[in-house]
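Lettering of chains follows the sequences in order, A, B, ..., and the numbering in each one begins at 1.
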There are 2 protein chains.
Amino acid sequence: MLKDLPRYECILEAVRLHPDLDPSACEAYLNLLRAGDEAYRRSEVFLNEHNMSPGRFTVMMLLYDKIGGKPVPQTPADLAEKAGVTRATVTGLVDTLERDGLVTREHDSGDRRMMLIHLTPKGHSALQEILPGHFKQMAAQMAPLSEHERTTLVRLLNKVAGIPSAAHIVVHSAAPEGAAHAAGDIAAPITSK
Amino acid sequence: MLKDLPRYECILEAVRLHPDLDPSACEAYLNLLRAGDEAYRRSEVFLNEHNMSPGRFTVMMLLYDKIGGKPVPQTPADLAEKAGVTRATVTGLVDTLERDGLVTREHDSGDRRMMLIHLTPKGHSALQEILPGHFKQMAAQMAPLSEHERTTLVRLLNKVAGIPSAAHIVVHSAAPEGAAHAAGDIAAPITSK
DNA sequence: GTTGGATAGTTAGGAACCTAATCATTCTAC
DNA sequence: GTAGAATGATTAGGTTCCTAACTATCCAAC
């Protein structure tokens, strides 16, 4: 939210009035929020140019199988769970995506409570058109960092986000219960709720 | 947006279909967005418990002089500029803050186009009540990081966010045009638009 | 001194999120 | 087999943001 962050000196000033304020924590926290927001907004600008929003894009990416490159149908509840939003939000996103002809709804033949959301050919080609630019855009944003710095950044971010340890995930990719590698299911966040 | 990030292996898989995809950039980017979102949402939850939202809180903090601890009036345009949102958004936020008796609007005596937003005594004490918890909450979120790690994190985040260099800011605190240290005016982002 | 352009704030309408309530279908237990 | 709980999706209504259009005031130039 803050466009310009307070200088470190100003934070130190504020500590006089508020002894609870941990200056280095405050600085790290504000910079994290700002950098995250910056990166998010840049992507948003790019997506907007292609009649996309982060929410719409996420839904479409979830319908797009990264491994096979083929569209795979999913239920709204699946999409909500994977995207980390409510089912009501998915309903709204699918509404506009369907309106634009990028996805279709279909009743599940087995359980008629469920819907199956499909990427249409139009949706698939829209994605093909957007993805290269999106990837370039991500690469450009991270370009200032060396490979080593990226690794460090990921490690520190995971510490903050409450991910136990980045290391063990790659090592023993447990997956005790089968299925669903598509979006990866590493480290279920504490944000369960 | 994504609750669970793809595993690194899955990203590597995806590179086969999309040569533009820079795996380490993608991983760093996704982790940045997720960690930022996590931190943001945690703060949001805390603020919500006190009848606040990030937007409302930011406006009130801008009206609260961190140095003197005294409320200082500001125009909506000022607030919008410092908060990095549109003036229309500030109008909406001030509407609800005024409704709740936390701020008041007053016509500028000199230029009757302008309004001056004041923190009311009620608003001031609401802030006093929230701030200690907010600070503790920030400290708790950053607790997993050592002082050294915090410095590193800030340096890497600034690289990504396009801040030229964190060092020189503290060193020669230029401030060529006078005034307004309240919210700090370091490093105007590229996001000017 | 009046016209025209800039500036400050608001209004109107839309998108993406939320919670809570509703409707339809399925499953479970008796 | 039927009542009631559980589950999937939607609807209704609210919030926070946006852009674009509007209103009011000020200032500058003729």
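- In this structure, B:A25 and A:A139 approach most closely via the heavy-atom pair CB-CA, 3.9 Å.
- Using a 4.0 Å cut-off, no side-chain N or O of A:T91 falls inside it from OP1 or OP2 of D:dA9.
- Side-chain proximity of B:T75 to the nucleotides D:dA20, C:dA20, C:dG9 is greatest for C:dG9.
- A:R41 has its CZ atom 10 Å from the C1' atom of D:dC18, to the nearest Å.
- With D:dT11, D:dC26, C:dA16 as the choices, the nucleotide that has an atom nearest any side-chain atom of A:R56 turns out to be C:dA16.
- Summarising the geometry, the separation between CG on A:N48 and P on D:dC17 is reported as 17 Å, rounded to the nearest angstrom.
- Heavy-atom neighbours of B:E106 CD from other residues, nucleotides or ligands within 6.0 Å: above the threshold of 12.
- Taking the ring pair (Phe, Tyr, Trp, His ring centres under 6.0 Å) definition, one finds that A:H118 meets it with nothing, sequence neighbours left out.
- In the set D:dC17, D:dT19, C:dT26, the nucleotide with an atom closest to the side chain of B:V85 is D:dC17.
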Give me the distances for all protein-to-nucleotides 3-7 of chain D N/O pairs that come in under 3.5 Å?
residue	atom	partner	partner atom	Å
D:dT7	O2	A:R113	NH1	3.0

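- Placement of B:L156 and B:L145 within a single hydrophobic cluster is found when ILVMFWY residues are connected by side-chain heavy-atom separations under 4.5 Å, directly or transitively.
- With no hydrogens or angles considered, no side-chain donor-acceptor pair links A:S24 and A:Y8 at under 3.5 Å.
- Comparing C:dA16, D:dT11, C:dA8 against the side chain of B:M114 picks out C:dA8 as the nearest.
- Distance CG (B:L47) to P (D:dT15): 17 Å, rounded to an integer number of Å.
- For the segment residues 95-111 of chain B, residues with any heavy atom less than 4.0 angstrom from an atom of DNA chain D are, sorted by number, B:G110, B:D111.
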A:D100 and A:N51: CA distance, side-chain angles, deciding distance, side chain to side chain contact (heavy atoms under 4.5 Å, CB included) verdict: CA-CA 10 Å; A:D100 295 351; A:N51 192 30; 3.8 Å; yes
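- Between the CD atom of A:E44 and the P atom of D:dC18 there is a distance of 10 Å, rounded to whole Å.
- For the OP1/OP2 pair of C:dC17 and a distance below 4.0 Å, the side-chain nitrogens and oxygens of A:T89 include no atom meeting the criterion.
- Taking every side-chain heavy atom of A:M115 into account, D:dA9 is the closest of C:dT26, C:dG9, D:dA9.
- Listed by chain and residue number, A:D111 satisfy the salt bridge (charged side-chain N to carboxylate O under 4.0 Å, His left out) test with A:R113 (two or more places apart in sequence, or in another chain).
- In this structure, A:M52 atom CE and D:dC18 atom C1' are separated by 19 Å, rounded to whole Å.
- In this view, B:H50 and B:F46 satisfy the ring pair (Phe, Tyr, Trp, His ring centres under 6.0 Å) rule, not counting sequence neighbours.
- Counting only residues at least two apart or in different chains, salt bridge (Lys or Arg N to Asp or Glu O under 4.0 Å) contacts with residues 21-31 of chain B comprise A:R150-B:D22.
- Contact detail for A:Q137 and A:S43: the closest heavy-atom pair is NE2-OG, 3.1 Å.
- Comparing B:G92 and A:D78 by the nucleotide of DNA chain D that holds the closest heavy atom to each, the one mapping nearer the 5' end is A:D78.
- When distances run from any side-chain atom of B:T86 to the nucleotides C:dA16, D:dT19, C:dT19, the shortest one goes to D:dT19.
- Among C:dG9, D:dA12, D:dA9, the nucleotide with an atom closest to any side-chain atom of B:A77 is C:dG9.
- Straight-line distance from the CZ atom of A:R112 to the P atom of C:dC23: 18 Å, rounded to whole Å.
- With C:dT25, C:dA16, C:dA20 as the candidates, the nucleotide lying closest to the side chain of A:L93 is C:dA16.
- Per the geometry, CD belonging to A:Q74 stands 11 Å off P belonging to D:dA9, to the nearest Å.
- Rounded to whole Å, atom P of D:dG8 lies 14 Å from atom CD1 of A:I117.
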